[in-house]
Amino acid sequence: MRDAYHEELDSIGEGLVEMARLVGSAIGRATTAILDADLKLAESVIAADTKVDDLQRDLEARAIALLARQQPVATDLRIVVTSLRMSADLERSGDLAQHVAKLARLRFPETAVPRDLHATILEMGQLAQRLMAKAAEVIITKDVDLALQLEQDDDAMDLLHRALFQHLMDDRWQHGIETAVDVTLLGRYYERFADHAVSVAKRVVYLVTGEHADELVQDAGRQGAGAAESE
């Protein structure tokens, strides 16, 4: 009975990894669709989001059933509750990839992104995909150090997001209000996608250590400062 219980916990973890991989692929394909005005690809991203939603609902149902049947405590309870929260982050990430694809569909046969911003949006899409790939690796390995690195990696997305806004505010902007709104939305979608990847990694830190990631970073900072003072 206990073996079956732990197999079910492992299965929930596998479901989270599959969700992370699906949404990571979705943001990459949605980026291609928005830059290339590829309607067929955009439609495939939109349709594929139902699989992420189905996985999230299935994972949630299994987690709740475990809570009801097993009434887990301590570490096991933390695993179940944290998994529920991670699945919500991943489901929302899938929605954001779908939003990018829907914008590509809305502007077809034109592209929503001006040529002079293609490189920035491409970089944001690639970075979002890498962050989610790292989040999937963190779920598998439970590597706390790698999880904490994601927040630093996310700084690059914040810089790209700010650069996008600077471009929009430039007096030389000549692409009109509608395109400015599209680009503003895209920047927000990628920035929020990255935030969800970071959130997943932080939840793994809590799952492994019982402490929140921010608390661990603060503790490490205090220890570093104390060591420096003692030298």
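The residues of the chain are indexed from 1 along the displayed sequence.
- With sequence neighbours excluded, the residues that form a salt bridge (Lys or Arg N to Asp or Glu O under 4.0 Å) with D170 are R172.
- The existence of a salt bridge linking E191 and R188 is confirmed by a sub-4.0 Å separation between a basic side-chain nitrogen and an acidic carboxylate oxygen.
- Ion pairing between E91 and R57 fails under the 4.0 Å rule for side-chain N and carboxylate O.
- Two residues are said to be in side-chain contact when any heavy atoms from C-beta on lie closer than 4.5 Å; S83 and L16 meet this criterion.
- Atom CG of L90 sits about 12.0 Å away from atom CG of D53, to the nearest 0.5 Å.
- In this structure, the side chain of D36 does not engage the main chain of D38 through any donor-acceptor pair within 3.5 Å.
- In this view, D116 and H167, H175 satisfy the side-chain hydrogen bond (donor to acceptor under 3.5 Å, both in side chains) rule, not counting sequence neighbours.
- Between P109 and A37, the shortest heavy-atom distance links the atoms O-CB, 3.7 Å.
- Contact check for E137 versus V17: no side-chain heavy atoms found under the 4.5 Å cut-off.
- Side chain of T82 to main chain of R78: a donor-acceptor pair is present (N/O by atom type, distance under 3.5 Å, no hydrogens or angles).
- Just one residue in the list V81, I139, I79 forms a side-chain contact (heavy atoms from CB on, under 4.5 Å) with L207, and that residue is I79.
- Using a cutoff of 4.0 Å between basic side-chain nitrogens and carboxylate oxygens, D89 and R92 are not scored as salt-bridged.
- Considering only heavy atoms from C-beta on, E123 stays 4.5 Å or farther from T120 through its side chain.
- Between D153 and V198, the closest side-chain pair of non-hydrogen atoms is not below 4.5 Å.
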task = Might you work through the side chain to side chain contact (heavy atoms under 4.5 Å, CB included) test for L9 and L66, ending with a clear yes or no?
result = CA-CA 8 Å; L9 282 178; L66 273 181; 3.8 Å; yes
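- Closest of all the heavy-atom pairs between H118 and V113 is NE2-O, 3.1 Å.
- Between T31 and Q126, the closest side-chain pair of non-hydrogen atoms is not below 4.5 Å.
- Scanning both residues, D154 and A194, for their nearest heavy atoms gives OD1-CB, 3.2 Å.
- A135 and A197 make their closest contact through CB-O, 3.8 Å (heavy atoms, listed as atom of the first residue, atom of the second, distance).
- Considering all non-hydrogen atoms of both residues, R107 and A112 come closest at CG-CB, 3.8 Å.
- Atom CG of L35 sits about 8.5 Å away from atom CZ of R115, to the nearest 0.5 Å.
- Side-chain atoms of T111 come within 3.5 Å of backbone atoms of I34 as a donor-acceptor pair (strictly under, hydrogens ignored).
- The shortest heavy-atom contact between S93 and H196 is OG-CB, 3.2 Å.
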N/O donor-acceptor pairs under 3.5 Å from side chains in residues 44-51, not counting sequence neighbours:
from : atom 1 : to  : atom 2 : distance (Å)
S44  : OG     : R29 : NH1    : 3.2
S44  : OG     : L41 : O      : 2.7
T50  : OG1    : A47 : O      : 2.9

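- How far OG1 of T179 is from CG of L186: 10.5 Å, rounded to the nearest 0.5 Å.
- Chaining together hydrophobic side chains whose heavy atoms lie under 4.5 Å apart leaves L159 on its own.
- Here Y190 pairs with nothing under the ring pair (Phe, Tyr, Trp, His ring centres under 6.0 Å) rule; sequence neighbours left out.
- Listed by first and then second residue, the side chain to side chain donor-acceptor pair (under 3.5 Å) pairs involving residues 9-24 are S11-R62 (not counting sequence neighbours).
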